[in-house]
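A short write-up of the structure that comes next.
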Amino acid sequence: ESVYHQKPEDAAPEKAEGKKAPLRALLISGDCLLSTMVGVSLTKLLLKGGSDMSNELKNQVLLLAANLFRLTKQHSSGGDRSDSSVRLTQCIRLLVAPCGGRME
């Protein structure tokens, strides 16, 4: 659509296909450092919240960390041995620890 070629006014509006949030676009494009920092920051916030945090919130952060790990692992510069994968694995281990992330 331009100034010279306009849609008819009675035409149905198109959906914004392919339009993603900027953070999501960066994560999917393979920004391993950003994905690691998002996972680590959310894990730290959850652990600092203590016992006040619900299990639902803990599960959401765990799901996000696992998906970020999967994205990092699939990227060409990532893999099992990359620093990003190791840090996200540590976050996942803390979240699934039976002591609730407390270091005993």
Side-chain angles (χ1 to χ4, degrees):
E1 176 178 350
S2 68
V3 176
Y4 302 108
H5 303 284
Q6 294 182 353
K7 292 184 197 177
E9 292 183 17
D10 60 341
E14 293 180 18
K15 292 184 180 179
E17 293 180 20
K19 192 172 185 179
K20 299 175 185 167
L23 178 64
R24 183 172 185 230
L26 286 171
L27 291 174
I28 291 175
S29 69
D31 193 344
C32 293
L33 179 63
L34 180 63
S35 64
T36 303
M37 289 301 108
V38 167
V40 169
S41 298
L42 286 175
T43 303
K44 285 174 91 174
L45 284 171
L46 187 70
L47 293 177
K48 286 187 180 203
S51 61
D52 298 338
M53 299 297 176
S54 67
N55 281 337
E56 181 182 348
L57 184 61
K58 182 179 176 183
N59 288 337
Q60 287 178 354
V61 172
L62 179 62
L63 179 67
L64 179 74
N67 285 325
L68 289 173
F69 173 74
R70 192 179 62 168
L71 279 174
T72 304
K73 190 176 176 183
Q74 289 176 352
H75 194 263
S76 61
S77 66
D80 291 334
R81 303 272 185 226
S82 71
D83 184 50
S84 300
S85 297
V86 172
R87 287 180 191 264
L88 286 170
T89 303
Q90 290 172 348
C91 291
I92 293 168
R93 285 182 181 170
L94 273 172
L95 291 171
V96 297
C99 59
R102 293 185 310 271
M103 302 303 268
E104 295 179 350

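All values derive from a computational prediction rather than experimental measurement.
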Original post:
Any salt bridge (Lys or Arg N to Asp or Glu O under 4.0 Å) pairs touching residues 25-42, not counting sequence neighbours?
Top reply: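 Listed once each, the pairs would be none.
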Do [X] and [Y] sit in the same hydrophobic cluster, where Ile, Leu, Val, Met, Phe, Trp and Tyr count as joined when their side-chain heavy atoms come under 4.5 Å apart?
X: L27; Y: I92; answer: yes
X: L71; Y: L63; answer: no
X: L62; Y: V38; answer: yes
X: F69; Y: L23; answer: yes

Original post:
So which heavy atom on C91 is nearest to which on G39, and how close?
Top reply: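 Taking C91 first and G39 second, the nearest heavy atoms are SG-O, 4.0 Å.
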Subject >> S84 to L33 - nearest heavy-atom pair and separation >> reply: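 Smallest heavy-atom distance, with atoms named: OG-N, 4.3 Å.
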**OP:** Check for a donor-acceptor pair, side chain of K73 on one end and backbone N or O of S85 on the other, with a separation under 3.5 Å.
**Re:**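 Absent.
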Going from [atom1] on [X] to [atom2] on [Y], what distance comes out if it is rounded to the nearest 0.5 angstrom?
X: T89; Y: L94; atom1: OG1; atom2: CG; result: 11.5 Å
X: N67; Y: T72; atom1: CG; atom2: OG1; result: 10.5 Å
X: M37; Y: L88; atom1: CE; atom2: CG; result: 8.5 Å

Subject >> Single hit among L42, L47, L45 for side chain to side chain contact (heavy atoms under 4.5 Å, CB included) with V61 >> reply: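 One option only clears the test, and that one is L42.
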Subject >> Among L68, L64, I28, side chain to side chain contact (heavy atoms under 4.5 Å, CB included) partner for S35 >> reply: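 Of L68, L64, I28, side chain to side chain contact (heavy atoms under 4.5 Å, CB included) with S35 is met by L68 alone.
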Original post:
Considering residues at least two apart in sequence or located in another chain, which fulfil the side-chain hydrogen bond (donor to acceptor under 3.5 Å, both in side chains) criterion with D83?
Top reply: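 For D83, the residues satisfying side-chain hydrogen bond (donor to acceptor under 3.5 Å, both in side chains) (neighbours in sequence not counted) are R87.
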**OP:** Would you mind listing every side chain to side chain donor-acceptor pair (under 3.5 Å) that reaches into residues 37-48, with sequence neighbours excluded?
**Re:**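 Matches after skipping sequence neighbours: none remain.
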